[in-house]
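The structure under discussion appears below in the form of structure tokens.
Note: hydrogens, waters and symmetry copies are ignored here, and every other heavy atom, side chains too, is used. Because the structure is predicted, anything quoted here is derived from the model rather than measured. So you know, we letter chains A, B, ... as the sequences are listed, proteins then strands, and number each from 1.
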4 protein chains.
Amino acid sequence: MSTQKRRERERHARREQIVEAAKEVFGEKGFMAATAEEIARRAEVAVGTLYLYFKSKEEMYVSLLFEGLDLFRQELERIQGLPLRPDEKLRAFWDFLYTFYARYPAYYRIVSFLHTAGLREAVSRDLLEEVKRRTGRNFSLAARIVRQGMMAGVYRPGDPREVVDFLWALLTGLVQLMEIRRNLGLAVGDLAELHKNAFALIEDGLSQPRGSAPGGRPRPWVRQAKVSRGAARRPARGAR
Amino acid sequence: MSTQKRRERERHARREQIVEAAKEVFGEKGFMAATAEEIARRAEVAVGTLYLYFKSKEEMYVSLLFEGLDLFRQELERIQGLPLRPDEKLRAFWDFLYTFYARYPAYYRIVSFLHTAGLREAVSRDLLEEVKRRTGRNFSLAARIVRQGMMAGVYRPGDPREVVDFLWALLTGLVQLMEIRRNLGLAVGDLAELHKNAFALIEDGLSQPRGSAPGGRPRPWVRQAKVSRGAARRPARGAR
Amino acid sequence: MSTQKRRERERHARREQIVEAAKEVFGEKGFMAATAEEIARRAEVAVGTLYLYFKSKEEMYVSLLFEGLDLFRQELERIQGLPLRPDEKLRAFWDFLYTFYARYPAYYRIVSFLHTAGLREAVSRDLLEEVKRRTGRNFSLAARIVRQGMMAGVYRPGDPREVVDFLWALLTGLVQLMEIRRNLGLAVGDLAELHKNAFALIEDGLSQPRGSAPGGRPRPWVRQAKVSRGAARRPARGAR
Amino acid sequence: MSTQKRRERERHARREQIVEAAKEVFGEKGFMAATAEEIARRAEVAVGTLYLYFKSKEEMYVSLLFEGLDLFRQELERIQGLPLRPDEKLRAFWDFLYTFYARYPAYYRIVSFLHTAGLREAVSRDLLEEVKRRTGRNFSLAARIVRQGMMAGVYRPGDPREVVDFLWALLTGLVQLMEIRRNLGLAVGDLAELHKNAFALIEDGLSQPRGSAPGGRPRPWVRQAKVSRGAARRPARGAR
DNA sequence: TATGAATGAGTGTTCATTCAT
DNA sequence: GATGAATGAACACTCATTCAT
């Protein structure tokens, strides 16, 4: 019993060693340039040991995401529990998206890695399932904030999950754009500033129009396409 | 003189051969899985020849972007020339962002490739400069559309380039999100639908409030943070 | 004493577990592709335990032969005990060689494995001794059948062990030939048919000429080389 | 033109370098223990170069067979052309089987390798086809000798190819048996002697019975099974 | 310019075997 | 005896890039 527990503990510790080393090496060199041998060396472990804990280099990399996803969730839950108005919560969420990136850019890179072609072959089904579960939970948590805003009448009705997709897409898109600009040697603007302004833009779109009476019929979130004079009339495609 | 011109032409033709082959191979296999040998074979050229025209595999890949950037610019200019209201133009631009992706997803992948760590070492300075020039031009062109909307009072005043960044980031962010979801084996929503709705959201944020008189004092685009009643006042977290 | 016996029994049972698992795994995957870990898993035993009972993977493999050699011997003894004429016994033996292969091809593969270069280093001396003893016994048993035929005057006098070598060689040679043909994708003939015909051929060679009186001077088994008329006399090439 | 020819020659020479080195290394270490790196080193060639000429280690190994198959064929043709009686030719063939093994045992080992499971995946289709073609030709050549014997009435009628199979099987089976015995540390008999005696045995089975009149009805090669008293009567299975 | 044969460093992964507990 | 985590040497194969012709 005691032996088993010790085993358990040691196993966990060893895994941590490896994860830490992997974080370092992948962080410094990126996925492609990182080598199994160096990770093993830094973890002070034999190369073979790596493969006792992870199926492949890809799996090692993606596994690092878990910690990030959990940190992400914790913060989300903290925000959710704050005594704030829904719109304040959403802003807190948006701010968090940025601070999280600023603090742990590596996690965003791993997420970005998830779109690599052929990923599904290199990684175990279970790992992918777990990633799905955790990202799904996080998206749901975020969606809840938006939903509360909608139900409180602060935001127009709509699909809250879609809004989260937009926020996430906007943030990651901006991050990538900035990184590309840096890579191109372009003077890259202040991401913090961009981030702040982006929210102002989106929040306006989300919000109930100011003039509308609190109890009035809500302006639908997806509006009719305005018709241009002289332009071919396209059929209005209402909200799904 | 004539000889030189012929030389020039032949050189250009040869380069085109290679570019076409590269487009095919990179398109089918992605950057990593593509091999110089296969590109050479398809271009009906010796492997060594590739390196007479391109410094490296990376350079070959990134060069493909030029054509995309030019197509992009042409369409932008077409839109600019259309007899549309500024807001209609912006919508046309937004639609174009999507149709361009739908038609040439490969270009987006190359753009995405530009954030690879170590790119600057693998690629010639000149190439990067050229990419900068062309992307810059395209961003400017797009920004012009937004600026026109602002000057016409349809949109609130602000930095038009920033708006273009937002639009671009939003679109590419959504594209990546969808690709990740597909890779994770998640039921992936309809990108076209998402794309449409995203615009509705943003456009609202961009627009002058409905009730405001055309000539009235514009509501500043970046608004003051709303204050939460009863909640502990926390500093804005965006800046950090 | 009792304890020791139990120990003994348990030890034997454990060994059986492993042998059974090894038989399965080697049978399914062949020697090379089989792994110690899988054998351990199937035997429900730790990997290390394998090495308490066997010196090496090779030893595990070769040990499987014992069971086969014993089955072989039992059948040989059964045939020996049958109320048959010597030539009928030999045919029964020959048929058995085939049915044994058809039923337990794995054993033939292990035998074939015994000619691997470097075997002696990978396997304990004792194991090899045991294999020698058991195969030797089997060969002797088979030789006895032949000897009986010779003594009965059914077969010409000669070295019975040699005849067994021939029969064994012929059968295993045919088996290997068929397997190679199958591997090459050649239409492979019916081994059963071949097996039958081969015996007809050999039996004739073994037999006393028909016309010779039972008690007559036996035609020597190894005859003088016939001399070719008109052909240049060449030295026998067999010796070299 | 001259350039092309030189290229051709160089290519051939390089290939020979590699083949020679491969022959050495495989010969010394066997297939499994041989390493690509050592072959390259001995051939004074880069490792990658090996793979310009051969698809895989397996292919390298099997390719060595070609030379052997050609030597084999040449000797077969020589024998065929000799002014000998058919039965003398067959003996010459049989002697050759042995001397060939004695001189080039490595080739027999490669042939034996051909029954490795999974070979077809490790080796190109073309290579296998070529092996088929050449072995097929050799078997045909040998069969011709037997057929001539049959047509001359020296041997009983039958399928000459089958006889060749028997001869081949018998020889290779003996070779393997001897190698196993040597590996087991058994005093291994004189293969040359065994080889000689085996032929006496087989030749008798092949031959027309001595007493039969030249023009008489040939005794069928596959005879009726003799019936044992008291044994279950098995149906006679006539020649196919 | 064009060629294409040659290079050779680089790497993820396996697995028989050991040994501290 | 039994365990099973750890080891680490071993290795085939790839492919971007070069350079002699």
Side-chain angles (χ1 to χ4, degrees), chain A residues 2-4 6-7 10-11 14-15 32-41 43-60 122, chain B residues 7 10-11 14 32-41 44-60 122, chain C residues 7 10-11 14 32-41 44-60 122, chain D residues 2-4 6-7 10-11 14-15 32-41 43-60 122:
Chain A
S2 162
T3 302
Q4 198 184 332
R6 184 171 43 75
R7 279 262 168 85
E10 280 172 5
R11 186 175 168 79
R14 186 77 83 178
R15 194 189 162 94
M32 282 206 31
T35 71
E37 203 224 333
E38 179 159 11
I39 294 173
R41 190 167 47 243
E44 293 178 305
V45 149
V47 191
T49 307
L50 259 39
Y51 288 85
L52 290 178
Y53 292 87
F54 300 96
K55 188 191 154 202
S56 66
K57 191 185 170 190
E58 280 82 4
E59 189 140 343
M60 233 175 277
Chain B
R7 283 263 172 81
E10 281 172 2
R11 185 175 168 80
R14 185 81 80 176
M32 284 210 26
T35 68
E37 202 231 330
E38 181 160 9
I39 294 173
R41 190 169 48 243
E44 293 177 306
V45 149
V47 195
T49 309
L50 259 38
Y51 288 83
L52 294 175
Y53 291 87
F54 300 95
K55 185 191 158 201
S56 67
K57 193 186 171 190
E58 280 81 3
E59 187 141 345
M60 238 175 275
Chain C
R7 282 263 172 82
E10 280 172 2
R11 184 175 167 79
R14 184 82 79 176
M32 283 210 27
T35 69
E37 201 232 330
E38 180 159 11
I39 294 173
R41 189 168 49 242
E44 294 177 306
V45 147
V47 196
T49 308
L50 260 36
Y51 287 83
L52 293 176
Y53 291 86
F54 300 95
K55 186 191 158 200
S56 67
K57 192 187 172 189
E58 279 82 4
E59 188 142 342
M60 236 175 275
Chain D
S2 163
T3 302
Q4 197 184 330
R6 185 172 42 74
R7 280 262 168 87
E10 280 172 4
R11 185 174 169 81
R14 185 79 81 179
R15 194 190 161 94
M32 282 206 30
T35 70
E37 202 224 332
E38 179 157 11
I39 295 174
R41 191 167 47 241
E44 294 178 304
V45 150
V47 190
T49 307
L50 260 37
Y51 289 85
L52 289 178
Y53 292 86
F54 301 96
K55 188 193 155 199
S56 66
K57 192 186 170 190
E58 280 82 4
E59 188 138 346
M60 233 175 278

Which residues pass the salt bridge (charged side-chain N to carboxylate O under 4.0 Å, His left out) test with [X], sequence neighbours left out?
| X | answer |
| --- | --- |
| B/Arg11 | none |
| D/Arg41 | D/Glu37 |
| C/Glu38 | C/Lys29, C/Arg42 |
| B/Glu10 | B/Arg6 |

Distance check needed: [N] [atom2] versus [X] [atom1], whole Å only.
| X | N | atom1 | atom2 | result |
| --- | --- | --- | --- | --- |
| D/Lys57 | F/dT14 | NZ | P | 15 Å |
| C/Glu58 | E/dA16 | CD | C1' | 9 Å |
| C/Phe54 | F/dA2 | CZ | C1' | 16 Å |
| B/Tyr51 | F/dT17 | OH | P | 4 Å |
| A/Leu50 | E/dT13 | CG | C1' | 11 Å |
| C/Arg41 | F/dT3 | CZ | C1' | 16 Å |

Below 3.5 Å between N/O atoms, which protein atoms pair up with nucleotides 2-6 of chain E? Just atom names and distances, please.
unit_1 : atom_1 : unit_2  : atom_2 : d
E/dA2  : OP1    : B/Arg14 : NE     : 3.2
E/dA2  : OP1    : B/Arg14 : NH2    : 3.2
E/dA2  : OP2    : B/Tyr53 : OH     : 3.0
E/dT3  : OP2    : B/Ala46 : N      : 3.1
E/dT3  : OP2    : B/Thr49 : OG1    : 2.5
E/dG4  : N7     : B/Gly48 : N      : 3.0
E/dA6  : OP1    : D/Arg14 : NE     : 2.8
E/dA6  : OP1    : D/Arg14 : NH2    : 3.3
E/dA6  : OP2    : D/Tyr53 : OH     : 2.7

Interface with DNA chain E, restricted to residues 32-40 of chain D and to heavy atoms under 4.0 Å: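 Heavy-atom cutoff 4.0 Å gives no residues at all.
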Heavy-atom closest pair, residues D/Ser56 and D/Ala122: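 Smallest interatomic distance, heavy atoms only, reads OG-O, 2.7 Å.
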Least distance between heavy atoms, A/Ala36 atom then A/Tyr51 atom: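 That would be CB-OH, 4.1 Å.
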Straight-line distance of B/Met60 CE to B/Leu50 CG, nearest 0.5 Å: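 Atom-to-atom, B/Met60:CE and B/Leu50:CG are 4.0 Å apart.
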A/Tyr53 OH to A/Glu59 CD distance, which is reported to the nearest 0.5 Å: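 Between A/Tyr53 OH and A/Glu59 CD, I get 14.5 Å after rounding to 0.5 Å.
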Any donor-acceptor N/O pair, B/Lys57 side chain to B/Met32 backbone, under 3.5 Å: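 The answer is yes, because a donor-acceptor pair under 3.5 Å joins these two groups.
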For DNA chain E, the dot-bracket pattern of Watson-Crick and G-U pairs whose distances stay under 3.5 Å, | for other-strand partners: .||||||||||||||||||||
Upstream residue (5' side of DNA chain F) when B/Ser56 and D/Ser56 are each assigned their closest nucleotide: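 Nearest-nucleotide comparison on DNA chain F picks D/Ser56.
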